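Since the structure is predicted, the reported quantities are computational estimates derived from the model, not experimental observations.
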Amino acid sequence: MTNNSYDAIVIGAGHAGCEAALSLARLGMKTIVFTVSVDSIALMPCNPSIGGTSKGHLVREVDALGGEMAKVIDKTFIQTKMLNRSKGPAVHSLRAQADKRAYSGTMRRVLESEKNLTIRQGEIDEIITEQNTTEYSEKTQNNDTIQSGKTESKEKNTINSLVNIPSITKKKFTGVRTHSGIIYTAKVCVVCTGTYLNGRCITGETSTYTGPNGLQSATRLTDSIKSLGIEMRRFKTGTPARMDGKTIDYEKMEPQYGDKKIIPFSFTNMTKEIEKEQSLCYLTYTNEKTHRIIRDNIDRAPLFSGYIEGTGPRYCPSIEDKVMRFADKERHQVFIEPEGLYTDEMYVGGMSSSLPEDVQTEMYHTVPGLENANIVRNAYAIEYDCINPLELMPSLESKKVEGLFFAGQANGSSGYEEAAAQGLMAGINAARKIQKKEPIILKRSDGYIGVLIDDLVTKGTNEPYRMMTSRAEYRLLLRQDNADARLTPIGYEVGLIDKERMNHLEEKYKKINTEIERIKTTFVGNTEPVQTFLKKNNSTPLTSGISLAELIKRPELDYEKLSEIDNDRPELDYEIKEEVEISLKYEGYIERQKKQVEQAKKLEQTKIPENTDYNKIESLRLEARQKLSEIRPVTLSQASRISGVSPADISVLQIYLRKR
């Protein structure tokens, strides 16, 4: 092997690139990762935080599969908090404020320590391919796919043979060319370009063609991707100003404390007692003065003047967008959050903007506590190129170029967590491509990662895609607390989880099931201590005996409270108590969702041949033919989720496949 020949190439070392590169290397692939700046590895150009509503689920799932993000944030957080505690467990989400430099440095060290991984600073100008023809014969094709930790046999697949289908001609990835003209060859490539593709940072009437934080952008790769026949889009995101913490008046703000009990992201740290002095964050608000300044200068806002061409994120709008869209709101929340332990820079969350510098200064100074604050870095919007994710298969491999995978914001998503999840899956599937194994396709009932990728490759997106709990139809089953039970067996079978961790998982759920059974078979009667306990907790007194499991289901009671009348309770870790509580309290709802999943499995198991000619299926409506031909779903289930494909079309397709 020459120095320029590798098994795998990863373009970009952001959150997607780091997970992709690590998974490839850990699965035995000789991997090189390219970055425009080694100092930008795992950079946090926007909010220095990991997790949050639904995003915390993704981080736990990445960890359960063998990824790195959770471990790094556990080492570098400066404040942590469990969100949505007042709501049900399906939407509980962990969020941690990070030390920005420490997070980046720690992740860089992980990459540097990986024996199969080479880091290279340099810009990639071109993706090199050759023509590749894949022949399909009348022989049975192996469509085995690992799902839910098990390998489905050929017998379970409805469609396993492709008969009399013409060959598919695709390009095949062979290598990349750097800006300096050096060619690197490899079997697979994962493109994780983030917001660097033709990046343009905009503040008011001025713009600079750079990536985030003034870093070098990638200006030539877009043309190479387009030349491969892959459709490109132009998206936009933004970030708020950073303030000098020494010039902020915190007395005018509400302090926001971290949780007293620190709960880690990584399942490998669940049994450890983590003690750390946490940094303070603060809450303040905009007001009518702020809004008036924005309205008076809205003609100078690039977002409204037409100077910004890209489509911005609907669920993370700029402050000018908030003020104009929600004119009836008297104020908007502003979170002041530290960028790290060894800097005075403070992140002004909730006030991202692309207004001119003079307007920004005037606007920020109207916010209580920021009247005399000095801006260290201006807020800005950034436009960048990304692909249409409908160009991808569920494995995140390109439909047009074999061996070429895409992950992260290059696919039209937003957020560090969404990027890491895609990077991990793209890396796993790129490795399996080399190993000549079937890809790992997570179903929507397997995890938020399955929902995320299915949404992108099946429905596409016209704006930067953000994960939300409402997108997951089985969210009571896809809680952050049980991500290890759902996905660690898959990580183990893939090769990213070791035997020791798998044994720990099995032991953990053995304890959980034992305790659930004990609670179900432990009864209490209408004795004086029990009645006193119930009265104290505003719970209905007993007239006869009842199991502790039935008492847990009462809204006013929980597992911890019942310890007062549960004399034989064993000593258990927090994570085991949590699972016991949720499993018992929501047992009926959980069983109902499990039945829904079982009903959906029939469509999931019906495979569709890759080059089915939908135009020859006469009973399909024209719109359905067009959409199915464009997206080329892998299963009937995926086909049923395509906009424009009706239940009647699915019935027609089902009959057609049976005849085949």
Side-chain angles (χ1 to χ4, degrees), residues 13-23 33 35 37-52 55-64 66-83 93-114 117 119 194 212-213 215 239 242 245 256-281 335-347 349 408 415-421 423-424 480 483:
H15 303 281
C18 287
E19 297 291 352
L22 286 170
S23 58
V33 56
T35 173
S37 171
V38 174
D39 294 327
S40 68
I41 290 174
L43 180 70
M44 294 179 165
C46 198
N47 195 337
S49 70
I50 295 293
K55 293 170 178 281
H57 292 67
L58 289 172
V59 181
R60 282 276 178 87
E61 291 183 355
V62 166
D63 181 71
E68 196 65 28
M69 176 176 268
K71 294 176 183 175
V72 174
I73 187 59
D74 281 351
K75 292 176 182 176
T76 59
F77 76 88
I78 57 178
Q79 191 195 81
T80 182
K81 186 180 291 187
M82 186 68 74
L83 306 181
S93 295
L94 191 60
R95 180 186 186 274
Q97 196 71 19
D99 184 310
K100 176 186 262 182
R101 287 185 179 275
Y103 184 94
S104 177
T106 302
M107 185 66 84
R108 174 177 172 176
R109 189 70 193 118
V110 173
L111 266 64
E112 289 174 338
S113 302
E114 189 58 51
L117 183 58
I119 300 171
N213 277 10
L215 292 166
T239 191
R242 272 59 162 187
Q256 303 290 296
Y257 300 95
D259 290 342
K260 289 182 179 179
K261 178 175 176 55
I262 295 174
I263 299 174
F265 270 106
S266 177
F267 288 100
T268 61
N269 294 325
M270 287 296 179
T271 57
K272 300 174 184 176
E273 282 293 328
I274 301 176
E275 294 185 7
K276 182 187 287 191
E277 186 177 346
Q278 300 189 56
S279 299
L280 269 178
C281 297
F335 290 95
I336 307 299
E337 300 166 317
E339 294 257 304
L341 293 176
Y342 303 104
T343 177
D344 286 323
E345 275 191 81
M346 301 294 284
Y347 178 89
Y416 312 143
E417 302 83 2
E418 290 90 337
L424 176 67
Q480 60 169 8

Chemist: For Leu280, is there any backbone N or O sitting under 3.5 Å from a side-chain donor or acceptor partner on Gln79?
Modeler: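 Looks like no, no N/O pair under 3.5 Å.
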Chemist: If we ignore hydrogens and angles and just use 3.5 Å, is the side chain of Gln278 paired with the main-chain N or O of Asp259 as donor and acceptor?
Modeler: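 Such a contact is found between Gln278 side chain and Asp259 backbone.
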Chemist: Please name all residues satisfying side-chain contact (heavy atoms from CB on, under 4.5 Å) with Leu215, sequence neighbours left out, ordered by chain then number.
Modeler: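 Partners of Leu215 under the side-chain contact (heavy atoms from CB on, under 4.5 Å) test: Ser37, Ser40, Leu43, Tyr196.
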Chemist: Checking Glu61 now: which residues fulfil salt bridge (charged side-chain N to carboxylate O under 4.0 Å, His left out) with it, not counting sequence neighbours?
Modeler: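 Arg486.
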Chemist: With a 4.5 Å heavy-atom cut-off, do Ser104 and Met44 have their side chains touching?
Modeler: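 With C-beta onward as the side chain, the pair stays apart.
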Chemist: Going by heavy atoms in the side chains, are Thr80 and Ile263 under 4.5 Å from each other?
Modeler: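 No - every pair of side-chain heavy atoms lies 4.5 Å or more apart.
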Chemist: Check Gly52 against Ser93 and note the closest heavy-atom contact, atom names and distance.
Modeler: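 Reported closest heavy-atom pair: O-CB, 3.1 Å.
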Chemist: Within the distance-only criterion (no hydrogens, no angle test), does the side chain of Tyr416 pair as donor or acceptor with the backbone N or O of Ala42 below 3.5 angstrom?
Modeler: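 Here the side-chain-to-backbone pair does not exist.
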Chemist: Partners of Lys55 by salt bridge (charged side-chain N to carboxylate O under 4.0 Å, His left out), sequence neighbours excluded?
Modeler: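 Partners of Lys55 by the salt bridge (charged side-chain N to carboxylate O under 4.0 Å, His left out) criterion, ordered by chain and then number, come out as Glu417, Glu418.
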Chemist: Judged by modelled atom types alone, do Asp99 and Thr76 share a side-chain donor-acceptor pair under 3.5 Å?
Modeler: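 No pair is found: no donor N or O on one side chain lies under 3.5 Å from an acceptor on the other.
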Chemist: Atom OG in Ser279, atom CE in Met346: separation rounded to 0.5 Å?
Modeler: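 The distance works out to 8.5 Å.
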Chemist: Taking the side chain as C-beta and beyond, is there a heavy-atom pair between Glu273 and Lys261 under 4.5 Å?
Modeler: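 Yes, their side chains come closer than 4.5 Å.
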Chemist: Check Arg60 against Pro264 and note the closest heavy-atom contact, atom names and distance.
Modeler: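 Reported closest heavy-atom pair: NH2-O, 2.9 Å.
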Chemist: Could you check whether Arg95 pairs with Glu337 (Lys NZ or Arg NE/NH1/NH2 to Asp/Glu carboxylate O, under 4.0 Å)?
Modeler: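 A salt bridge links Arg95 with Glu337.
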Chemist: OG1 of Thr239 to CG of Asn47: how many Å apart, nearest 0.5 Å?
Modeler: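 Those atoms lie 8.0 Å apart.
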Chemist: When rounded to the nearest 0.5 angstrom, what distance separates CZ in Phe335 from CD in Gln97?
Modeler: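 Result: 11.0 Å between the selected atoms.
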Chemist: Got a donor-acceptor contact below 3.5 angstrom from the Asp344 side chain to the Gly245 backbone?
Modeler: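 Judged by distance alone, no pair lies under 3.5 Å.
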Chemist: Taking all non-hydrogen atoms of both residues into account, name the closest pair between Pro45 and Pro212 and its distance.
Modeler: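 Result for this residue pair: CB-CB, 3.5 Å.
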Chemist: Is the count of non-hydrogen atoms from other residues, nucleotides or ligands lying under 6.0 Å from Arg101 atom CZ greater than 12?
Modeler: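 Atom CZ in Arg101 is not crowded, with 12 or fewer foreign heavy atoms closer than 6.0 Å.
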Chemist: Please name the pair of heavy atoms, one in Asp39 and one in Arg108, separated by the smallest distance, quoted to 0.1 Å.
Modeler: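 It is OD1-NH1, 3.4 Å.
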Chemist: Where is the tightest heavy-atom contact between Met69 and Val59, given as atom of each residue plus distance?
Modeler: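 The pair with the smallest heavy-atom distance is SD-CG2, 3.9 Å.
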Chemist: Using 0.5 Å steps for rounding, measure from the NZ atom of Lys81 to the CD atom of Gln256.
Modeler: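 It comes to 5.0 Å.
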Chemist: I'd like to check Phe77 versus Lys276 (side-chain heavy atoms, cut-off strictly below 4.5 Å). Are they in contact?
Modeler: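 Counting from C-beta outward, Phe77 and Lys276 do come under 4.5 Å.
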Chemist: CG/Asp63 to CZ/Phe267 distance, rounded to the nearest 0.5 angstrom?
Modeler: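 That separation rounds to 6.5 Å.
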Chemist: Enter the distance from Ile41:CD1 to Ile119:CD1 here, rounded to the nearest 0.5 Å.
Modeler: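 Between Ile41 CD1 and Ile119 CD1, I get 4.0 Å after rounding to 0.5 Å.
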Chemist: Taking all atoms of both residues into account, what is the closest heavy-atom pair of Gly67 and Leu424, and its distance?
Modeler: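 That closest heavy-atom pairing would be CA-CD1, 4.2 Å.
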Chemist: Might you work through the side chain to side chain contact (heavy atoms under 4.5 Å, CB included) test for Glu68 and Glu114, ending with a clear yes or no?
Modeler: CA-CA 12 Å; Glu68 196 65 28; Glu114 189 58 51; over 6 Å; no
